[in-house]
K.L.:
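Below is one structure. I have some questions about it.
Start at 1 with the first residue, then count along the sequence.
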Amino acid sequence: AVDYLGVSFSALDYVGHRFGPDSHEVQDTLLRLDATLGDLLAVLDAEVGRGNYVVGLSADHGVAPIPEARIKAGETGGRIDSQRLARVANDALSTSLGAGLHIVRSEYTQLYLSESARERLLQTPSLLAPALAALANVPGVERALAGAGLEAERWSPDPAIRAAALSHVSGRSGQIVIVPKPYYVISSATALGTTHGTQHWYDQHVPLIFFGAHVKPGRYQQPT
């Protein structure tokens, strides 16, 4: 007998990334997903019996609106070129560490430093300050944080620092963490669509629904 069955309905993720959460394509996909879920529940009712199972529905993340759509509507938003972030940080580090390739990878909100740069910063952490200051001046960037020591900030009263700390894994995460302003998306200069990965409400707004045997009806709005 099956005790737990996990099913990923992944089409919505691909459509949402490409066309955005407010698109007709997402509406169409949701209608089709609703019909698919209806078929699944009908089989469960017939094979397992209504009231004999629990269903949990959720998602792996929220999503930002398409930046260009917000701009067209006269609202704030935009794109931050990931390679520009790498160049700005590298140029700033060149003043404190000397000329060289100090930023070796830009991965959304994470900037990764070369091994030699990491070794220098272990000895003198203050050498990172010029890069953090320069990144904070890039349009669309709210601030830049040092990755070192973030693990100790998981109870910070600052929501941006707390979110960065909860997402940070020492030895795997970047040495610089970018905090974008609301409705700004980090992407390549030619990218379309949208993504997720910030502490802002639209990225953290994820539905979580349980129903079935022994689940008490109710609606809960508090953070979970």
Side-chain angles (χ1 to χ4, degrees), residues 1-66 105 107-110 112 147 149-174 177-180 182 185-187 191 193-224:
V2 176
D3 294 314
Y4 172 82
L5 175 65
V7 183
S8 175
F9 298 96
S10 300
L12 184 61
D13 182 79
Y14 290 99
V15 175
H17 271 283
R18 183 167 183 179
F19 297 103
D22 304 312
S23 64
H24 291 295
E25 289 83 358
V26 159
Q27 292 181 45
D28 180 71
T29 305
L30 283 170
L31 285 170
R32 296 168 190 269
L33 176 58
D34 185 68
T36 300
L37 291 174
D39 292 341
L40 173 62
L41 296 177
V43 171
L44 288 173
D45 285 347
E47 299 293 330
V48 182
R50 182 173 294 193
N52 294 328
Y53 62 85
V54 175
V55 171
L57 297 172
S58 189
D60 56 345
H61 53 74
V63 66
I66 297 282
R105 186 170 180 85
E107 189 70 35
Y108 201 55
T109 60
Q110 310 283 313
Y112 291 84
L150 265 181
E151 309 94 285
E153 298 292 338
R154 294 184 175 186
W155 293 271
S156 172
D158 185 313
I161 293 177
R162 181 175 181 271
L166 287 168
S167 298
H168 188 79
V169 180
S170 180
R172 295 188 64 182
S173 298
V177 180
I178 306 297
V179 180
V185 170
I186 300 174
S187 66
T194 187
T195 190
H196 50 87
T198 74
Q199 85 285 4
H200 300 305
W201 74 268
Y202 45 80
D203 281 345
Q204 291 193 355
H205 186 75
V206 179
L208 179 60
I209 303 168
F210 293 103
F211 68 94
H214 311 300
V215 176
K216 180 182 177 181
R219 187 181 181 99
Y220 306 92
Q221 299 287 359
Q222 69 268 30
T224 303

K.L.:
Say you draw a straight line from CH2 of Trp155 to CD1 of Ile161; how long is it, rounded to the nearest 0.5 Å?
P.N.:
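Atom-to-atom, Trp155:CH2 and Ile161:CD1 are 14.5 Å apart.
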K.L.:
Mind jotting down which residue pairs meet the ring pair (Phe, Tyr, Trp, His ring centres under 6.0 Å) criterion with at least one end in residues 204-224? Sequence neighbours excluded, please.
P.N.:
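Output for this query is empty, none listed.
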K.L.:
Show me the pairs that pass salt bridge (Lys or Arg N to Asp or Glu O under 4.0 Å) and involve residues 36-62, at least two apart or across chains.
P.N.:
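Of all non-adjacent pairs touching residues 36-62, those that pass salt bridge (Lys or Arg N to Asp or Glu O under 4.0 Å) are Asp45-Arg50.
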K.L.:
Give a yes or no on whether the backbone of Gly147 and the side-chain of His168 come within a donor-acceptor separation of less than 3.5 Å.
P.N.:
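A pair under 3.5 Å: yes.
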K.L.:
What closest approach, in Å, do Ala59 and Val206 show between heavy atoms, and which atom pair accounts for it?
P.N.:
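Minimum heavy-atom contact is O-CG1, 3.3 Å.
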K.L.:
Please determine whether side-chain contact (heavy atoms from CB on, under 4.5 Å) holds for the pair Leu57 and Val55, giving the CA-CA distance in whole Å, both sets of side-chain angles, and the decisive distance to 0.1 Å.
P.N.:
CA-CA 7 Å; Leu57 297 172; Val55 171; 4.1 Å; yes
K.L.:
At what distance, to the nearest 0.5 angstrom, does CG of Leu44 lie from CG of Leu5?
P.N.:
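Result: 8.0 Å between the selected atoms.
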K.L.:
Heavy atoms only: give me the nearest Gly20-Val26 pair and the separation to one decimal.
P.N.:
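Heavy atoms only, the tightest pair is O-CG2, 3.1 Å.
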K.L.:
Applying salt bridge (Lys or Arg N to Asp or Glu O under 4.0 Å), which residue pairs with at least one partner in residues 203-219 are found, sequence neighbours left out?
P.N.:
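Output for this query is empty, none listed.
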K.L.:
What closest approach, in Å, do Tyr108 and Ile186 show between heavy atoms, and which atom pair accounts for it?
P.N.:
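It is CE1-O, 3.0 Å.
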K.L.:
Return the minimal non-hydrogen interatomic distance between Thr198 and Pro180, and the atom names on each side.
P.N.:
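Residues Thr198 and Pro180, closest heavy atoms: CG2-CG, 3.9 Å.
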K.L.:
Just verifying a value: how many Å separate Ser173 OG and Tyr112 OH, rounded to the nearest 0.5 Å?
P.N.:
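Output value for this atom pair is 5.5 Å.
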K.L.:
If I take atom NE2 from residue His196 and atom CG from residue Asp13, how far apart are they, to the nearest 0.5 angstrom?
P.N.:
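So the gap between those two atoms works out to 6.0 Å.
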K.L.:
Of all heavy-atom pairs between Ala213 and Gly51, which one has the smallest distance, and what is that distance?
P.N.:
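What the structure gives for the nearest pair is CB-O, 3.1 Å.
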K.L.:
Carefully, step by step, assess Leu30 and Leu12 under the rule side-chain contact (heavy atoms from CB on, under 4.5 Å).
P.N.:
CA-CA 7 Å; Leu30 283 170; Leu12 184 61; 3.7 Å; yes
K.L.:
Are Val54 and Tyr4 packed together at the side-chain level, in the sense that at least one heavy-atom pair is separated by less than 4.5 angstrom?
P.N.:
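Side-chain contact under 4.5 Å: no.
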K.L.:
Measure the CG-CD distance between Leu166 and Glu153 for me, rounded to the nearest 0.5 Å.
P.N.:
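Between atom CG of Leu166 and atom CD of Glu153 there are 11.0 Å.
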K.L.:
For Tyr202, check ring pair (Phe, Tyr, Trp, His ring centres under 6.0 Å) against everything at least two apart and list the hits.
P.N.:
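If we apply the ring pair (Phe, Tyr, Trp, His ring centres under 6.0 Å) test to Tyr202, skipping adjacent residues, the hits are Tyr183, His200.
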K.L.:
Within a strict 4.5 Å, meaning less than it, do heavy atoms of the Asp34 and Leu37 side chains meet?
P.N.:
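They are not in side-chain contact.
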K.L.:
Ser58: what forms a side-chain hydrogen bond (donor to acceptor under 3.5 Å, both in side chains) with it, not counting sequence neighbours?
P.N.:
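Here no residue qualifies.
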K.L.:
Can you tell me how the ring of His61 sits relative to the ring of His17, calling it parallel under 30°, perpendicular over 60° and tilted otherwise?
P.N.:
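Because their plane-to-plane angle is over 60°, the rings of His61 and His17 count as perpendicular.
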K.L.:
Got a second to check how far Asp28's CG is from Leu33's CG, nearest 0.5 Å?
P.N.:
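Atom-to-atom, Asp28:CG and Leu33:CG are 11.0 Å apart.
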K.L.:
Got a sec, which residues hit side-chain hydrogen bond (donor to acceptor under 3.5 Å, both in side chains) with Thr194, two or more places apart in sequence or on another chain?
P.N.:
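With neighbours one apart ignored, the set is empty.
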K.L.:
Minimum heavy-atom separation for Ala165 to Arg154, with atom names?
P.N.:
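Heavy-atom minimum between the residues: O-NE, 3.4 Å.
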